Each structure stands twice: as C-alpha cells, then as structure tokens.
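The structure appears below as structure tokens.
Just so we're clear, the structure is a prediction, and the values are computed from it rather than from any experiment.
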Amino acid sequence: MALFDVIQYDGDNGTFLWKHPSEDFNILSQLIVHQSQEAVFLKDGRVLDLFGPGRYTLDSDNLPLLSALVNLPFGGTSPFHCEVYFINKSDQMAIKWGTDSKVEYLEPTYRFPIQIGACGEMSLRVRDSYKLLTRLVGVDDVLTREGLSRHFRSAVITRVKTCLAQYMRESGVSIFEIDSHLEALSQKLQEQLAPDFEEYGLSLERFYVMTVLKPEEDPTYRKLKDLYFRQYADIAEAELRQRVSAIDQATAAQKLTAQAKAMAEKRSIEGYTYQQERTLDVAEAMAGSGGAGALGSMGMELGIMTGVSRQVGQVIDSVLRTPASPPPGTVPPPAASAAAPAEGAAAFCGNCGHAFAGSENFCPKCGGKRSRP
C-alpha cells in the first residue's frame, strides 16, 4: 500500500465518522484537521492520540504513544502502521425518525381505544469521539446519518411509543388537541432519549415530534372528530354573536353621545340652553291647548318632569293672568252690578222688614240703620 504524506478528511458534511483509506504513513507526514473535526489514531483497536482542528507535522513528539509502541526513530522519515479516523463534531440536523407501527391506547377524553404513531426529526452531535469509536463503530469505515439512524431505530421507536401514550394519558390531552402540544411532547421525549445517545458518545441536541399519526380511516374516529369540531364551532358561533351584540350596543351608545354633543354645540352657537328649549316647548304646547285648566295641569307636569318648574311656572302664571278670549259668537255673561250688597250687610231692615235694593246704610222706609253682623 502506498505511503501518504498528507493525511486529511475526504468525505461530506453528512458523515459522522470517516476512516482514512490508508493505514501506512510516514513520519513527518502532514495531518490536516478541519474545523469541527477530530482525528483519532488507533493501533490494534487502541486509541493512541487525538488531534483537534489544525495542521500538524507527525513526529515522535506529536505521537508519543505510537512512538513508544512501535519504537519510531528520532529524526528522518520512516513508515508506521496505524488507523486514522476523522470524527465530524458539527451538529447533524434533520435526521428523520418514525414509528414502524402504531401504538394502541385509550383516548382519555372520549374513552375509546385508538391507534396512533408519530414521526419527526432530530439533531445529533458527537460529544465523545473515544466512546463513539469503541462502543458503536467497531470495524466500520464510515458512519453516516442513515447508518446512525439504523443503530438507534429500535431505541427511538420504543421510547416514542411508550412516552406518547403516557404523555397523553397523564396530561389528559385529547387526540384532537395533541397537535397543539407537540412542543411539550418533543421536550419530554428528548429528555428520555438523551441518556441512550450519551452512552455512545453522542449528544441529542434537538428532538422534534412533527406529526402524530391518527386513525383517519377509522369510522369511529371520524364520527367523534365531527362531533368534537361541531361542538367547538357552536361555542365559537355563540361567542361571536355576543361580541357582535356588544359592538352594536357600544355603537348605539356612541351614536347617542355624538348626537347629544352635536345638539349641545348647536345650542351653544345659537345662544340658549336645554332648560330654555324645554321651557319654550311647554309654552308652545300651552298656547295650542285652548284651556287654562289644561294649560296649568300640563305646565305643572312638564315642569316637574324636566326640572324647570320655576321657568314653566312663570310662563303659566303669565298665561293665567291674561283672560282667555271667548270663542266667536259667544255672548259674554252680564257684568256684576256695581250696587251689589256689601259683603256681610243684612238684606232686610230689622225694623220694618223692607228689602234693601243696594248698599244703602239706612232704611228708606222707616229710617232705621241697616244692621251688620
């Protein structure tokens, strides 16, 4: 096998681990480790040295364990045999996962058995290169994202099935509401799956449940789904009617307020007040009523109702003091005689019984004085 003077990674970014095709190298070869990578030297399955990002000239100082193991000479170039693995330590995102079958459980809200599954994505990163090499890779030359998914498929499916049913049962979340709880469900699953990956030197950076698979083909499920959404549609419709009614009432109140403000501005411009306007209305009503008694009654009632009894009273008083004109063609009653008996005087003479005709003080027949009580 040819000897390589430059040792570097020759894979894509979607690979977790890549083994260099050569196992024979020269002392003073150049080792190039890219950012977010580590290079690990193994001899007979034993990790000898690990290099982070940078450029290195391999010699006995850089490879002390290898030098002690194979007795590398100091100075000059000489070949040595070992395995070199490049570990990609960047986040490997959008690694897909999914349950291979559905899990059956009793729906907590409607108490009927259904079968559900789930699928989504996760993000992984190599945290410990030594654990990854010794506990997972073995003799493989390449570890891709697909290969890693196959390694953890059984663990992921088992955890997801168990946790999904347990979460829905304990939280009381309905199958029709689970989509709004995917974030909480994803976090719970990440917490439960993280130790399984850490055991192999991997860090579960993110775990997403993107879809909970529901039994859409099940007639019972479809019937309950229709019932559920119809129930919430009725509630939403009732709430909408209440809001519309409240808006209508607020609009009517605002309209009345605007009309009142407009009328107040009109009175202010024309120079009168509301009390004066009501007084004029009462006066006009009395002028057209045709009877003083009715006018007085109307004025008193309106005065009390509007709080302007004083002004109305003044108007009524002025109307009552002015005699009402008799209707056309009516003969006025005869005026009272100016010679009417004085108030309290006797109508007949106490001496002779003569009837007084007017307000005389002495009897014209006998001359006797008119008695007064």
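- Heavy-atom neighbours of Glu183 CD from other residues, nucleotides or ligands within 6.0 Å: at or below the threshold of 12.
- Linking Ile, Leu, Val, Met, Phe, Trp and Tyr whenever their side-chain heavy atoms come within less than 4.5 Å leaves Tyr208 and Leu213 in two separate clusters.
- Residues Thr158 and Ser154 come closest through the heavy atom pair OG1-O, 2.9 Å.
- Taking OG1 from Thr99 and NZ from Lys161, the interatomic distance works out to 6.5 Å, rounded to the nearest 0.5 Å.
- Here CZ of Phe86 is found 8.5 Å from CD1 of Ile32. Values are rounded to the nearest 0.5 Å.
- The 12-atom threshold is exceeded at CZ of Phe112, counting heavy atoms of other residues, nucleotides or ligands nearer than 6.0 Å.
- For the pair Glu199 and Arg135, the salt-bridge criterion is met [side-chain N within less than 4.0 Å of a carboxylate O].
- A distance-only check finds a donor-acceptor pair linking the side chain of Arg145 to the backbone of Met93 [under 3.5 Å].
- Among all heavy-atom pairs drawn from His81 and Lys43, the shortest one is O-NZ, 3.2 Å.
- Taking the six-membered ring for Trp and the full ring otherwise, the centers of Tyr9 and Trp18 sit less than 6.0 Å from each other.
- Nearest heavy atom pair, residue Ser129 against residue Leu50, reads CB-CD1, 4.3 Å.
- In plain terms, the two heavy atoms of Asn88 and Val126 that are nearest each other are O-CG2, 3.6 Å.
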Original post:
side chain to side chain contact (heavy atoms under 4.5 Å, CB included) between Phe152 and Ile157: does it pass, once the steps are laid out?
Top reply: CA-CA 9 Å; Phe152 289 95; Ile157 290 175; over 6 Å; no

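- Here Lys19 contributes atom NZ and Glu23 contributes atom CD; the two are 4.0 Å apart, rounded to the nearest 0.5 Å.
- By the 4.5 Å heavy-atom criterion applied to side chains, Leu182 and Met210 are not counted as neighbours.
- Side-chain contact check for Leu58 versus Ile7: some heavy-atom pair is nearer than 4.5 Å.
- Within the 4.5 Å cutoff, the side chain of Val156 has heavy atoms near those of the Phe197 side chain.
- Remark: Asp12 pairs with Thr15 by the side-chain hydrogen bond (donor to acceptor under 3.5 Å, both in side chains) rule, at least two apart or across chains.
- Each of Arg127, Gln190, Arg125, Glu191 was compared with Leu204 under the side-chain contact (heavy atoms from CB on, under 4.5 Å) criterion, and only Gln190 meets it.
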Original post:
Would Thr57 and Gln30 count as a side chain to side chain contact (heavy atoms under 4.5 Å, CB included) if you check the C-alpha gap in whole Å, the side-chain angles of each, and the deciding distance to 0.1 Å?
Top reply: CA-CA 5 Å; Thr57 300; Gln30 297 293 306; 2.9 Å; yes

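- Side-chain atoms of Trp97 do not come within 3.5 Å of backbone N or O of Phe207 as any donor-acceptor pair.
- Taking the charged nitrogens against the carboxylate oxygens, Arg153 and Asp100 have no contact shorter than 4.0 Å, which rules out a salt bridge.
- Minimum interatomic distance between Val33 and Gly52 (heavy atoms only, all atoms of both residues): CB-O, 3.3 Å.
- For the pair Ser174 (side chain) and Phe176 (backbone), a donor-acceptor distance under 3.5 Å is present.
- Rounding to the nearest 0.5 Å places NE2 of His34 at 12.5 Å from OG of Ser90.
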Tabulate below the donor-acceptor pairs under 3.5 Å that side-chain atoms of residues 216-225 make, not counting sequence neighbours, or state none.
residue : atom : partner : partner atom : Å
Asp218  : OD1  : Thr220  : N            : 3.1
Arg222  : NH1  : Glu216  : O            : 3.2
Arg222  : NH1  : Glu217  : O            : 3.0

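- When side chains are defined from C-beta on, Lys188 counts as touching Cys163, because their heavy atoms get closer than 4.5 Å.
- Once rounded to the nearest 0.5 Å, the distance linking CG of Leu202 with CG of Leu136 reads 6.5 Å.
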Subject >> Test side chain to side chain contact (heavy atoms under 4.5 Å, CB included) applied to Val103 and Ile116, step by step >> reply: CA-CA 5 Å; Val103 56; Ile116 57 174; 3.9 Å; yes

**OP:** Begin from the C-alpha positions of Arg206 and Asp91 and carry the test side chain to side chain contact (heavy atoms under 4.5 Å, CB included) through to its verdict.
**Re:** CA-CA 10 Å; Arg206 298 171 188 83; Asp91 285 5; 3.6 Å; yes

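- Put simply, the side chain of Ser171 gets close to the backbone of Tyr167: a donor and an acceptor are under 3.5 Å apart.
- The main-chain N or O of Asn13 is found under 3.5 Å from a side-chain atom of Gln92 such that the two form a donor-acceptor pair.
- Of the possible donor and acceptor atoms, none in the side chain of Gln192 sits under 3.5 Å from a partner among the backbone N and O of Leu189.
- A donor-acceptor distance shorter than 3.5 angstrom exists from the side chain of Ser180 to the backbone of Glu177, with no hydrogens or angles considered.
- Taking the side chain as every heavy atom from C-beta outward, Lys214 and Ile114 never approach each other to under 4.5 Å.
- Contact check for Ile175 versus Met168: side-chain heavy atoms found under the 4.5 Å cut-off.
- The nearest pair of heavy atoms linking Pro53 to Ser36 is CG-N, 4.1 Å.
- Between Leu132 and Ile87, some side-chain heavy-atom pair lies under the 4.5 Å cut-off.
- Taking the six-membered ring for Trp, Phe51 and Phe41 have ring centres closer than 6.0 Å.
- Using bins of under 30°, 30° to 60° and over 60° for the plane-to-plane angle, the ring pair Phe25/His20 lands in the perpendicular bin.
- Atom CD of residue Glu83 and atom CG of residue Asp141 lie 8.5 Å apart, to the nearest 0.5 angstrom.
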